Protein chains: 2
Amino acid sequence: MAEDRSARAQEIVAAARVLLEEEGGDGLSMRRLAERLGIRAPSIYKHLPDKRTLENALISDGFVELAAAFEPAVGAGAGGREQVVAALGAAYRNFGRRHPHLYRLMTDRELDREHLTPGVEELAARPLVEAMGGDVDLARAAFAFAHGMTVLELNDRFPPGADVDAAWARGLRALARADDPG
Amino acid sequence: MAEDRSARAQEIVAAARVLLEEEGGDGLSMRRLAERLGIRAPSIYKHLPDKRTLENALISDGFVELAAAFEPAVGAGAGGREQVVAALGAAYRNFGRRHPHLYRLMTDRELDREHLTPGVEELAARPLVEAMGGDVDLARAAFAFAHGMTVLELNDRFPPGADVDAAWARGLRALARADDPG
DNA sequence: TACGGTGGCTAACACTGTTAGCCCCGAAGG
DNA sequence: CCTTCGGGGCTAACAGTGTTAGCCACCGTA
């Protein structure tokens, strides 16, 4: 990832990733990042034009990782649509749970797509579209469901005793089984 | 709403709501809010303990308004489950589109439920659970879908030509028709 | 008349992203 | 060998953030 980043810029992005994972979005400040690198905050700007660019780098890498996380589910394509969708959903959910702060960074606000590594968003989106047989409306519905479940779980939005597994299963099954609109 | 707020506190919350709607989440600062009220920022703290409390007030009011927005859909309960769910979904989506900044404030992060107006979250959640015949897992799945669709639309996450209406319709129909798990 | 609460105020602290301007060091060219 | 130039650090500073401390004026009440 990130062939167009200088070596030093890549080091900074890598440190930012660790900082983000360890301390969350609020902890990701230019001064704290610089501290981890043993330099001062303004020096970062010799390598990256602003914080937004840094975040876009993290987001781009996140998409690549997410696409990679989908690969096993795609590989197991022998099972029917329902199995593939279930596997993709589980991979998506696990990505969110393993990288909650990165996940929030990736989804909280608008993407500025022209500053992401090109193609990376489509790369992560394709497996679900294919699993849905090219039905983009249904794929978008399933994506919205997966994102909603993931972010609501991360934000502790479900009641304490809620059976999140069951809600995932019900939703994914209903969407995977959806008939063609008529 | 908000019987436990002093009159002055309620004025401040009302001004904050206007500021939020007009200038977005980033514009909602204590100094800018104070400016609109003709006072200085520290004076706000005579009426509200901190910014979080102010935001919680906005969020609580938001839930009340959201519950109110659901009422027509509930009233039209004569149609089958599919119609009621569609109407609830449309009401939810419209709430998000009419109040995008408030919607983000309400959903972006964890709720600190103990500081919200009590019962207000349940008030907004009940109509969907009832529409789903008390099936809480399915209601949660539908809620996740609706939230996902709304926030992805607000964050311009769908491709430019995407048929968001169609994705909404597909998802809500599939979920409303979901059979009992077996 | 004195008092206490209400609701303002200024000054300040610790933080944020970011810019301007300085300096050192190492590599390359004349 | 000397010079020049760019990479990559630095400090100081600015405007903004939430928040606290401490001061003061008013106003109703005992």
Side-chain angles (χ1 to χ4, degrees), chain A residues 2-60 101-102 104-106 108-112 115, chain B residues 2-60 101-102 104-106 108-112 115:
Chain A
E3 319 74 41
D4 56 335
R5 292 172 210 157
S6 75
R8 189 64 171 134
Q10 180 52 40
E11 288 177 19
I12 294 171
V13 172
R17 172 65 180 271
V18 175
L19 180 58
L20 174 66
E21 304 257 8
E22 288 182 10
E23 312 203 22
D26 291 349
L28 183 60
S29 83
M30 300 303 267
R31 283 177 178 80
R32 292 172 75 87
L33 174 56
E35 195 183 7
R36 292 214 170 201
L37 290 159
I39 61 179
R40 302 306 170 92
S43 302
I44 297 175
Y45 292 82
K46 298 287 175 157
H47 307 281
L48 297 167
D50 50 28
K51 192 185 183 186
R52 191 65 193 264
T53 301
L54 172 67
E55 292 171 338
N56 284 338
L58 294 170
I59 291 168
S60 294
H101 304 300
L102 175 61
R104 283 205 188 85
L105 182 64
M106 291 172 67
D108 256 5
R109 45 183 183 191
E110 296 186 27
L111 290 184
D112 49 346
H115 297 112
Chain B
E3 319 71 43
D4 56 336
R5 293 172 209 156
S6 74
R8 189 66 171 136
Q10 180 52 39
E11 286 176 21
I12 293 171
V13 172
R17 172 66 179 270
V18 175
L19 180 58
L20 175 66
E21 304 256 8
E22 287 182 10
E23 313 205 18
D26 291 349
L28 184 61
S29 84
M30 300 302 267
R31 283 176 177 82
R32 293 171 75 86
L33 174 57
E35 194 181 8
R36 291 214 170 201
L37 290 159
I39 62 178
R40 303 304 169 92
S43 302
I44 297 175
Y45 291 82
K46 298 288 174 158
H47 307 281
L48 297 167
D50 50 29
K51 193 185 183 186
R52 192 65 194 263
T53 301
L54 173 66
E55 293 171 338
N56 284 338
L58 293 170
I59 291 168
S60 294
H101 304 300
L102 176 62
R104 283 206 188 84
L105 181 64
M106 289 171 68
D108 257 5
R109 44 183 187 190
E110 296 186 28
L111 289 184
D112 48 346
H115 297 111

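What you see is a predicted model; the values in this text were computed from it and never measured. Here is the naming used below: chain letters follow the sequence lines, and residue numbers restart at 1 for every chain.
- Taking atom OH of residue A/Tyr45 and atom P of nucleotide C/dG17, one finds them 6 Å apart after rounding to whole Å.
- Under the side-chain hydrogen bond (donor to acceptor under 3.5 Å, both in side chains) criterion, B/Arg109 pairs with B/Glu55, not counting sequence neighbours.
- Per the geometry, CZ belonging to B/Arg52 stands 16 Å off C1' belonging to D/dT19, to the nearest Å.
- Heavy-atom minimum distance, B/Ile39 versus B/Arg8: CG2-NH2, 3.9 Å.
- Distances shown here put every side-chain N or O of A/Ser43 at or beyond 4.0 Å from the OP1 or OP2 atom of D/dG8.
- For B/His115, the NE2 atom counts as loosely surrounded, since its 6.0 Å shell holds 12 or fewer non-hydrogen atoms of other residues, nucleotides or ligands.
- The environment of B/Glu23 atom CD is dense: over 12 non-hydrogen atoms of other residues, nucleotides or ligands sit within 6.0 angstrom.
- Taking atom CG on A/Leu54 and atom C1' on C/dG17, their separation rounds to 12 Å, with Å as the unit.
- Between B/Ala41 and A/Asp50, it is B/Ala41 whose nearest contact on DNA chain C lies nearer the 5' terminus.
- Distance, B/Arg8 CZ to C/dT6 P: 15 Å, rounded to whole Å.
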Mind listing the N/O atom pairs, protein and nucleotides 11-16 of chain C, below 3.5 Å?
{"unit_1": "C/dT16", "atom_1": "OP1", "unit_2": "A/Ser29", "atom_2": "OG", "d": "2.9"}

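- A close approach under 4.0 Å does occur between a side-chain nitrogen or oxygen of B/His47 and OP1 or OP2 of C/dG8.
- Scanning atom types as modelled, one donor and one acceptor separated by under 3.5 angstrom connect the side chain of A/Lys46 and the base of D/dG9.
- Taking atom CD of B/Glu11 as the reference point, atom C1' of C/dT6 lies 14 Å away to the nearest angstrom.
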- Task: Starting from the C-alpha separation in whole Å, work towards a yes-or-no answer on side-chain contact (heavy atoms from CB on, under 4.5 Å) for B/Arg17 and B/Leu102.
- Result: CA-CA 8 Å; B/Arg17 172 66 179 270; B/Leu102 176 62; 3.5 Å; yes
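- Remark: the backbone N or O of A/Gln10 is not paired with any side-chain donor or acceptor of A/Arg5 at under 3.5 angstrom.
- The phosphate of D/dG9 has neither OP1 nor OP2 within less than 4.0 Å of any side-chain N or O from A/Arg40.
- As rounded to whole Å, 15 Å separates atom C1' of C/dC9 from atom CG of B/Leu37.
- Atom CD1 in B/Ile39 sits roughly 14 Å away from atom C1' in C/dT10 (whole-Å rounding).
- In this structure, A/Leu58 and A/Val13 approach most closely via the heavy-atom pair CD2-O, 3.7 Å.
- Between B/Leu33 atom CG and D/dG18 atom P there is a gap of 9 Å when expressed in whole angstrom units.
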